[in-house]
Amino acid sequence: ETGVTQTPRHLVMGMTNKKSLKCEQHLGHNAMYWYKQSAKKPLELMFVYNFKEQTENNSVPSRFSPECPNSSHLFLHLHTLQPEDSALYLCASSQDRQGPGYNEQFFGPGTRLTVL
Amino acid sequence: AQKITQTQPGMFVQEKEAVTLDCTYDTSDPSYGLFWYKQPSSGEMIFLIYQGSYDQQNATEGRYSLNFQKARKSANLVISASQLGDSAMYFCAMRVVYNQGGKLIFGQGTELSVKP
């Protein structure tokens with residue numbers, strides 16, 4: 001496996017279900033990200049992990065719970081979601097560093113989530 | 001406030017012609033980076049081109065070039081000799097310094113359709 005992988009690619013769940021999205025990066029990066037992409041909206045940054053520490057939480061509802069057990073793996077645990085949470089969830093990684101300048105984020109293929 | 005604006009929700013271009021996708025940004029940081037990503041219908045985000053705020057020359061990558069006008073705070077993407085495979089969503093993004101590293105702020109995207 002190369003790059004950034006995400007599983008599952010598609011997920012349908014009821015509002016009372018608990019599920020988890022998984023992201024894995026094989027690039028040796030030190031930062032990982034979760035984004036939400038709803039139809040007709042820009043990508044919304046949800047969580048950032050730099051060096052395994054969560055450094056960003058953009059007022060995301062507590063029904064989304066991230067976990068970063070090591071620098072290669074990132075999870076998004078989902079419970080009691082709402083239909084408006086249906087979206088494409090993208091994971092990304094980068095070799096981040098302090099200061100400005102070039103820092104490309106590499107994206108996974110995304111998980112398309114539908115909440116019934 | 002740091003913001004990326006893409007004012008063209010949709011664009012059409014004839015195959016083999018050039019097309020310009022607009023992007024304006026707003027930041028008070030003296031150092032920043034600007035990115036363009038392509039998102040086909042399959043969902044993955046593909047990095048196209050990068051421009052640093054201190055770069056003297058406009059970035060080019062194959063058929064992609066970035067028309068960087070710093071005083072106007074614009075970073076338009078130019079695709080030359082459009083191909084049918086260029087049909088996709090295109091996102092402009094800005095990297096801003098944040099905590100120990102940085103984060104990307106995305107625009108709303110432009111949907112490009114290439115006509116045969």
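Lettering of chains follows the sequences in order, A, B, ..., and the numbering in each one begins at 1. All figures in this text were calculated on a predicted structure; none of them were measured in a lab.
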Which atoms of A:Leu43 approach chain B - backbone, side chain, both or neither, heavy atom under 4.5 Å
both
Spacing of A:Glu104 atom CD and B:Tyr50 atom OH [to the nearest 0.5 Å]
11.0 Å
Which pair of heavy atoms, one from B:Gly107 and one from A:Pro42, lies closest together, and at what distance?
O-CB, 3.1 Å
Using non-hydrogen atoms only, which part of A:Gln6 is less than 4.5 Å away from chain B: side chain, backbone, both, or neither?
neither
A side-chain contact here means heavy atoms from C-beta on lying under 4.5 Å apart; do B:Arg95 and A:Asp96 qualify?
yes
Under a 4.5 Å side-chain heavy-atom rule over Ile, Leu, Val, Met, Phe, Trp and Tyr, are A:Leu81 and A:Leu116 clustered together?
no
Output the distance between atom CZ (B:Phe106) and atom CD (A:Gln105), rounded to the nearest 0.5 Å.
6.0 Å
Is chain A contacted by the side chain of B:Gln39, its backbone, both, or neither, given a heavy-atom distance below 4.5 Å?
side chain
same_hphob_cluster(A:Phe75, A:Leu11) at 4.5 Å side-chain heavy-atom cutoff
no
B:Leu104, B:Met89: one ILVMFWY side-chain cluster at the under-4.5 Å cut-off?
yes
Take atom NZ in B:Lys115; do more than 12 heavy atoms of anything else shown fall under 6.0 Å from it?
no
Kindly work out whether a path of hydrophobic side-chain contacts (I/L/V/M/F/W/Y, heavy atoms less than 4.5 Å apart) joins B:Leu21 to B:Val13.
yes
Applying the ring-ring contact (aromatic ring centres under 6.0 Å, His included) test to B:Tyr37, which of A:Phe106, A:Tyr35, A:Phe107 qualifies?
A:Phe107
For the CD atom on B:Gln57, are there more than 12 heavy atoms of other groups (residues, nucleotides or ligands in this structure) within a distance under 6.0 Å?
no
Closest heavy-atom pair, A:Arg9 versus B:Ser42, reported as atoms and distance to 0.1 Å, is NH2-O, 3.8 Å
Treating Ile, Leu, Val, Met, Phe, Trp and Tyr as nodes and any side-chain heavy-atom pair under 4.5 angstrom as an edge, say whether B:Val78 and B:Phe47 lie in one connected cluster.
no
